[in-house]
Amino acid sequence: MKYTQLGRTGLKVSRLVLGTMNFGPQTDEADSHLIMDAALDAGINFFDTANVYGWGENKGRTEEIIGNWFAKGGDRRDRTVLATKVYGNMGPDGPAWPNHDKLSAVNIRRAVDASLKRLRTDRIDLYQFHHIDRDTPFDEIWQAIDVLIQQGKILYVGSSNFPGYKIAQANEAAARRGGTIGLVSEQCLYNLAERRAEMEVIPAAQEYGLGVIPWSPLNGGLLGGVLRKEATGGRRASGRAADTLADPASRARVQAYEDLLDKHGIEPGEAALAWLLTRPGVTGPIVGPRTADQLASALRAVELELSEELLTGLDEIFPGPGPAPEAFAW
């Protein structure tokens, strides 16, 4: 496994991030523990989750599965850089009871304590804001975070799904307070087929020293050989991938992508991950394996070297938007 610093911090993290969203809803606890053991054995030390994972009436279940894994001992907790998130409503489905979601100081304090209990740990290494909160000023958010850092409950803070201007607002507010480290990472939707983050989000992250952690690196399975699987009777596309394939032009691009990688003898999913590892500012993509075999495939991507010819071909099939403001101006 290869490692890098998380943004401008001294924290060393693996170039792949283990995503745990499937733990509980799709992967039972026993298999989830096996996957986490295999990831740690392979050198992945960066695990990502969120308080809402488990979804519906099982919100929080994923954190509980991770907490039970930590409780097995064997230095599991000390070897893991643990990231979780706050924002979503953790109460029953339906409208949230006032102050039981988003980023008020009240909810941040409540959510941290609840996550620590489920995770069976005394600290969260990277605490991430899962979405922007348009109603809570950053001065209030940073005041709450400063207290939690002083208490030792969290160490670093990151954002997720923030636009570039909110990354700037957050870190400028932190700078005005003095002594507040501010955001050190941004977790965003970014992959070969979805490159809008290159226009504003990634440049803002680089300017402020944030590590970029792409989620959905295979774009919901679209970049994982979906047409090949479809042709051989394998798992069919669903969700975002199915919607994309319903458009003939988009389907043709995915076919061209798979044909190009067949020519180079590379598995599509591994190429999509390896491409992200070449991108400026990227710390490491989040991989969310449902099985040990999927984890093994992701691990191969770390050692995969993409030729300039292949990178050029990928750019031709999935061109990026270009930098701002040139992408929409002169």
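Note that CD1 of Ile44 is 8.5 Å distant from OH of Tyr3, once rounded to the nearest 0.5 Å. Leu192 CG to Ile317 CD1: the interatomic distance, rounded to the nearest 0.5 Å, is 8.5 Å. Taking CG of Asn68 as the start and CZ of Arg120 as the end, the distance is 5.0 Å to the nearest 0.5 Å. Leu40 contributes atom CG, which lies 9.5 Å from atom CG of Leu18 (distance to the nearest 0.5 angstrom). A distance of 6.5 Å separates CZ in Phe162 from CZ in Phe129, rounded to the nearest 0.5 Å. Distance check: Trp55 CH2 to Thr62 OG1 gives 8.5 Å after rounding to the nearest 0.5 Å.
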For this session: Would you check, one step at a time, whether the test side chain to side chain contact (heavy atoms under 4.5 Å, CB included) holds for Leu126 with Val157?
Result: CA-CA 5 Å; Leu126 177 65; Val157 184; 5.6 Å; no
For this session: Tell me, with the steps shown, if Asn45 and Ser14 meet side chain to side chain donor-acceptor pair (under 3.5 Å).
Result: CA-CA 6 Å; Asn45 74 336; Ser14 50; 3.3 Å; yes
For this session: Take Tyr87 and Asp101 through the side chain to side chain contact (heavy atoms under 4.5 Å, CB included) test and state the conclusion after the steps.
Result: CA-CA 5 Å; Tyr87 180 87; Asp101 64 353; 6.0 Å; no
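Between His130 and Tyr53, the two ring planes are perpendicular [angle over 60°; tilted spans 30° to 60°].
Of the charged side-chain nitrogens involved, at least one lies within less than 4.0 Å of a carboxylate oxygen, so that Asp315 and Arg195 count as a salt-bridged pair. Between Lys72 and Asp37 there is no salt bridge, since no side-chain nitrogen of the basic residue lies less than 4.0 Å from a carboxylate oxygen of the acidic one. Between Asp262 and Arg228, at least one side-chain N (NZ, or NE/NH1/NH2) sits under 4.0 Å from a carboxylate O, which counts as a salt bridge. Of the charged side-chain nitrogens involved, none lies within less than 4.0 Å of a carboxylate oxygen, so that Arg290 and Asp31 do not count as a salt-bridged pair. Using a 4.0 Å cut-off between charged side-chain N and carboxylate O, Asp122 and Lys153 make no salt bridge. Salt bridge status for Asp78 with Arg123: present, with a side-chain N to carboxylate O gap under 4.0 Å. Between Glu200 and Lys166, no side-chain nitrogen of the basic residue sits less than 4.0 Å from a carboxylate oxygen of the acidic one, so the salt-bridge criterion is not met.
Annotation for Glu207: atom CD does not count as buried by contact number, only 12 or fewer foreign heavy atoms lying within 6.0 Å. For Arg109, the CZ atom is loosely surrounded, since the number of other residues' heavy atoms within 6.0 Å does not exceed 12. Surrounding CZ of Arg300 are more than 12 heavy atoms belonging to other residues, nucleotides or ligands, all under 6.0 Å away. Annotation: Glu326, atom CD; neighbour count of heavy atoms from other residues, nucleotides and ligands within 6.0 Å is above 12.
Residues Thr27 and Asn22 bring no donor and acceptor atom of their side chains to less than 3.5 Å of each other. Side-chain atoms of Glu186 and Asn161 include no donor-acceptor pair closer than 3.5 Å. When only modelled atom types and interatomic distance are considered, Thr80 and Arg77 share no side-chain donor-acceptor pair under 3.5 Å. For the 3.5 Å distance criterion, the side chains of Thr20 and Thr49 qualify, holding a donor opposite an acceptor. For the residue pair Asn51 / Glu63, no side-chain donor-acceptor distance below 3.5 Å is found, with atom types taken as modelled. Between the side chains of Asn191 and Asn219, at least one donor-acceptor pair of N or O atoms lies under 3.5 Å.
Hydrophobic side-chain contacts under 4.5 Å tie Leu34 to no other Ile, Leu, Val, Met, Phe, Trp or Tyr residue. Hydrophobic clustering, defined by side-chain heavy atoms of Ile, Leu, Val, Met, Phe, Trp and Tyr closer than 4.5 Å, groups Met199 together with Phe328.
Between Trp69 and Phe23, the gap from one ring centroid to the other reaches at least 6.0 Å.
Residues Leu218 and Ile286 do not share a hydrophobic cluster, clusters being chains of Ile/Leu/Val/Met/Phe/Trp/Tyr side chains in contact below 4.5 Å. Linking Ile, Leu, Val, Met, Phe, Trp and Tyr residues whenever their side-chain heavy atoms come within less than 4.5 Å leaves Met90 and Ile154 in two separate clusters. Both Leu103 and Leu116 are assigned to one and the same hydrophobic cluster, defined by single-linkage of ILVMFWY side chains at heavy-atom distances under 4.5 Å. Taken together through direct or relayed side-chain contacts under 4.5 Å among Ile, Leu, Val, Met, Phe, Trp and Tyr, Val81 and Met21 form parts of separate hydrophobic clusters. By the rule that hydrophobic residues join a cluster once side-chain heavy atoms approach within less than 4.5 Å of another member, Leu311 and Leu223 end up as members of one cluster.
Applying the side-chain hydrogen bond (donor to acceptor under 3.5 Å, both in side chains) rule to Ser297 yields the partners Glu270; only residues at least two apart in sequence or on another chain are considered.
Annotation: ring-ring contact (aromatic ring centres under 6.0 Å, His included) contacts involving residues 240-280, sequence neighbours excluded, comprise Tyr190-Trp275, Tyr257-Phe318. Sorted by first then second residue, the ring-ring contact (aromatic ring centres under 6.0 Å, His included) pairs that include residues 201-243, not counting sequence neighbours, number zero.
The shortest side-chain heavy-atom distance between Leu189 and Pro214 does not fall under the 4.5 Å cut-off.
Residue Leu260 comes nearest to Gly313 through the heavy atom pair CD2-C, 3.7 Å, listed as atom of the first residue, atom of the second, then distance. For Ala197 against Pro203, the heavy-atom pair with the smallest separation is O-CD, 3.9 Å.
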Identify all side-chain donor-acceptor contacts of residues 140-147 below 3.5 Å with residues at least two apart in sequence or on another chain.
{"from": "Glu140", "atom 1": "OE2", "to": "Ala105", "atom 2": "N", "distance (Å)": "2.9"}
{"from": "Trp142", "atom 1": "NE1", "to": "Ala170", "atom 2": "O", "distance (Å)": "2.9"}
{"from": "Asp146", "atom 1": "OD1", "to": "Thr180", "atom 2": "OG1", "distance (Å)": "3.0"}
{"from": "Asp146", "atom 1": "OD2", "to": "Arg177", "atom 2": "NE", "distance (Å)": "3.2"}
{"from": "Asp146", "atom 1": "OD2", "to": "Arg177", "atom 2": "NH2", "distance (Å)": "3.0"}
{"from": "Asp146", "atom 1": "OD2", "to": "Thr180", "atom 2": "OG1", "distance (Å)": "3.0"}

